[in-house]
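Below you'll find the structure, written out as structure tokens, and then a few comments.
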Amino acid sequence: MDLTRLAVDAGQLINRAVQYTEETLGQAEKTELHGGVEELLTRAESTKTWTDQIISQTEVVLQPNPGARLEDRLYERLEWTGPPRPRTHEVLGDHMTQAGLEMGPNTPYGTSLLRCGEAQKQIGEAERKFVQSTNIHFLTPLRSFTEGEYRTMQDERRMLMNKRLDLDIAKTRLRKAHEAEAEARNLNASPLEDDYVAHFSYMFSFLRVKWLKMWAQEISQAEMELRICQSLFDRQSEITRKLLEGISTTHTNHMRSLADFVEAQTCYYAQCHQNAQELLKQLASIPAVLCSNNWQSAASNAINDPSTCNHVANDPIGVNQVYIFPPINLPSVSSASHLHWY
């Protein structure tokens, strides 16, 4: 390990910390960034903040379960392939299908459940494609900015701040060097008196001038250091400015990704609407008497009025019509007494 280089870096870090502290307390001047760099930095910060929030909320829309989101993020960080997770509509479709088989596929209710289950599975498959398209064409470009481009911007910004601190330190050293030179001239021009206080004051001023010269170096050396720091600061400022100007291109790319997201969303909702419309037509083709909650009351009215029953039986069955069974001849009370009920 190069101890000399380590000592130089430690001293530079301490000087930057002192300069930053004095600037924060208002005890030192701060060089302003030129060329609109400060506005570009603010714009980049705002883009990063809102992009993170958009990504987070989009993940909530795609996967409302926070535990599942955490598990997916863990697999992504570890670069593992997670187990396939069924969508909620697919799970609902499986339950409806199992219920339809249990109720009987030949019964109207069982048939309805089977058809609803198949439609829910189709909606779940459409949702899976929508999630996959959103991850590829929308979330991935946004994450590419927050995890790639913005980190590069932050590195250049950090380097620019260090160059600015070095420039302000060089300015302070040059000012201190001029102050030390002026105090040295005043000290040599002032006659030395014979009393103790005058000797003590002279010694104190002499040590102060020596300390200022030791810290601020000579004027010529401080001026050379200032020119070097100014050149490095200007160069880094130009690099950072050009990099930050690319935020406009980033906004254009995000607009393109946003259009892809809306297109995928439109296709997904259109597919869901189509599946729901087809399911509605299929359910309408099933006899309504077995799907209505009021079929028992309708049957009771038909028993009391046989003419209505005959009229309904001869008419074709529509979507909003109720098919009524013909009246059933019940056994008499005397014959019913011989029946055994269990």
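The structure displayed is predicted, hence computed values, not measured ones. We count residues from 1, following the sequence as given.
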Looking at CG of Leu139 and OG1 of Thr51, how far apart are the two atoms once the value is rounded to the nearest 0.5 Å?
-> 11.5 Å

Which residues pass the side-chain hydrogen bond (donor to acceptor under 3.5 Å, both in side chains) test with Ser248, sequence neighbours left out?
-> Arg43

Crowding at CD, Glu147 (>12 non-hydrogen neighbours, <6.0 Å) = yes

Is the count of non-hydrogen atoms from other residues, nucleotides or ligands lying under 6.0 Å from Gln132 atom CD greater than 12?
-> no

Side chain to side chain donor-acceptor pair (under 3.5 Å) pairs touching residues 253-263, sequence neighbours excluded, are Asn253-Arg256

Without swapping roles, check the side chain of Ser133 against the backbone of Lys129 for a donor-acceptor pair under 3.5 Å.
-> no

Do you reckon Val262 sits in the same ILVMFWY cluster as Tyr268, going by side-chain contacts under 4.5 Å, direct or chained?
-> yes

Do the non-hydrogen side-chain atoms of Gln277 and Gln274 ever get within less than 4.5 Å of each other?
-> no

Step-by-step side chain to side chain contact (heavy atoms under 4.5 Å, CB included) determination, Leu174 to Met224 = CA-CA 10 Å; Leu174 180 60; Met224 182 181 65; over 6 Å; no

Donor-acceptor contact present, side-chain Thr31 to main-chain Arg164, <3.5 Å | no

Hey, does the side chain of Ser237 reach the backbone of Phe233 with a donor-acceptor pair shorter than 3.5 angstrom?
-> no

Backbone of Thr42 reached by a side-chain donor or acceptor of Ser46 within 3.5 Å | no

Is there any ring pair (Phe, Tyr, Trp, His ring centres under 6.0 Å) pair reaching into residues 37-58, and which pairs are they, with sequence neighbours excluded?
-> none

Just by modelled atom types, is the Thr107 backbone N or O under 3.5 Å from a matching donor or acceptor in the Thr111 side chain?
-> yes

Side chains of Val37 and Glu245 in contact at under 4.5 Å (non-hydrogen atoms) = no

Measure across Ile136 and Pro141 and return the closest heavy-atom pair with its distance rounded to 0.1 Å.
-> O-CD, 3.6 Å

Euclidean distance, Leu244 CG relative to Glu38 CD, rounded to 0.5 Å = 10.0 Å

Looking only at heavy atoms, the pair that brings Pro105 and Leu114 closest together is CB-CD1, 3.7 Å

Do side-chain atoms of Ser231 reach the backbone of Ile228 as a donor and acceptor pair under 3.5 angstrom?
-> no

When rounded to the nearest 0.5 angstrom, what is the spacing between CD in Gln19 and CG in Leu165?
-> 6.5 Å

For Arg227, enumerate each residue passing the side-chain hydrogen bond (donor to acceptor under 3.5 Å, both in side chains) test, keeping only those at least two apart in sequence or located in another chain.
-> none

Taking only residues two or more places apart in sequence, or in another chain, which ones meet Lys121 in a salt bridge (charged side-chain N to carboxylate O under 4.0 Å, His left out)?
-> Asp94

How about Leu62 and Glu59: do any of their side-chain heavy atoms sit closer than 4.5 Å?
-> no

Determine, for Glu118 against Arg115, whether the closest basic-nitrogen to carboxylate-oxygen distance falls under 4.0 angstrom.
-> no

Taking side chain as C-beta onward, heavy atoms only, is Ile239 less than 4.5 Å from Leu243?
-> no

Output for pair (Lys281 NZ, Leu279 CG), nearest 0.5 Å, gives 11.5 Å

Parallel, tilted or perpendicular: which describes the rings of Phe130 and Tyr269, with under 30° parallel and over 60° perpendicular?
-> tilted

Just by modelled atom types, is the Arg87 backbone N or O under 3.5 Å from a matching donor or acceptor in the Glu90 side chain?
-> yes

Please check if Val131 and Leu142 belong to a single hydrophobic cluster, counting links between Ile, Leu, Val, Met, Phe, Trp and Tyr side chain heavy atoms closer than 4.5 Å.
-> yes

Sequence-distant partners of Glu156, side-chain hydrogen bond (donor to acceptor under 3.5 Å, both in side chains), two or more places apart | Gln236

Is the closest side-chain heavy-atom distance between Arg157 and Thr152 below 4.5 Å?
-> no

Give, for atom CG of Leu160 and atom CG of Leu232, the distance between the pair rounded to the nearest 0.5 Å.
-> 11.5 Å

Report the residues that fulfil salt bridge (charged side-chain N to carboxylate O under 4.0 Å, His left out) with Lys48, sequence neighbours left out, ordered by chain and then residue number.
-> Asp52

Residues passing the salt bridge (charged side-chain N to carboxylate O under 4.0 Å, His left out) test with Arg151, sequence neighbours excluded, are none

Charged N-O contact under 4.0 Å between Lys171 and Glu29 | no

Under the salt bridge (Lys or Arg N to Asp or Glu O under 4.0 Å) rule, what do Glu22 and Lys30 come out as? Steps first, then yes or no, please.
-> CA-CA 10 Å; Glu22 291 180 352; Lys30 176 181 177 181; over 6 Å; no

Partners passing side-chain hydrogen bond (donor to acceptor under 3.5 Å, both in side chains) against Asn162 (at least two apart in sequence or in another chain) = none

Mind listing the closest non-hydrogen atom pair of Pro64 and Val61 along with its distance?
-> CD-O, 4.2 Å

The reported gap from OG in Ser285 to CG in Leu283 (rounded to nearest 0.5 angstrom) is 7.5 Å

Under 4.5 Å between any side-chain heavy atoms of Leu40 and Thr240, yes or no?
-> no

Sequence neighbours excluded, the answer for ring pair (Phe, Tyr, Trp, His ring centres under 6.0 Å) partners of Tyr150 is none

With sequence neighbours excluded, what pairs up with Leu92 under the side-chain contact (heavy atoms from CB on, under 4.5 Å) test?
-> Met96, Gln120

Criterion side chain to side chain contact (heavy atoms under 4.5 Å, CB included) on Val60 and Arg69, from CA distance to verdict = CA-CA 8 Å; Val60 173; Arg69 291 200 307 271; 3.8 Å; yes

Going by distance alone, is a donor N or O of one side chain under 3.5 Å from an acceptor N or O of the other, for Glu149 and Thr250?
-> yes

Sequence-distant partners of Asp72, salt bridge (charged side-chain N to carboxylate O under 4.0 Å, His left out), two or more places apart | Arg85

Is the backbone N or O of Gly36 less than 3.5 Å from a side-chain atom of Arg241, with the two atoms forming a donor-acceptor pair by type?
-> no

Using 4.0 Å as the upper bound for N to carboxylate O, is an ion pair formed by Arg16 and Asp166?
-> yes

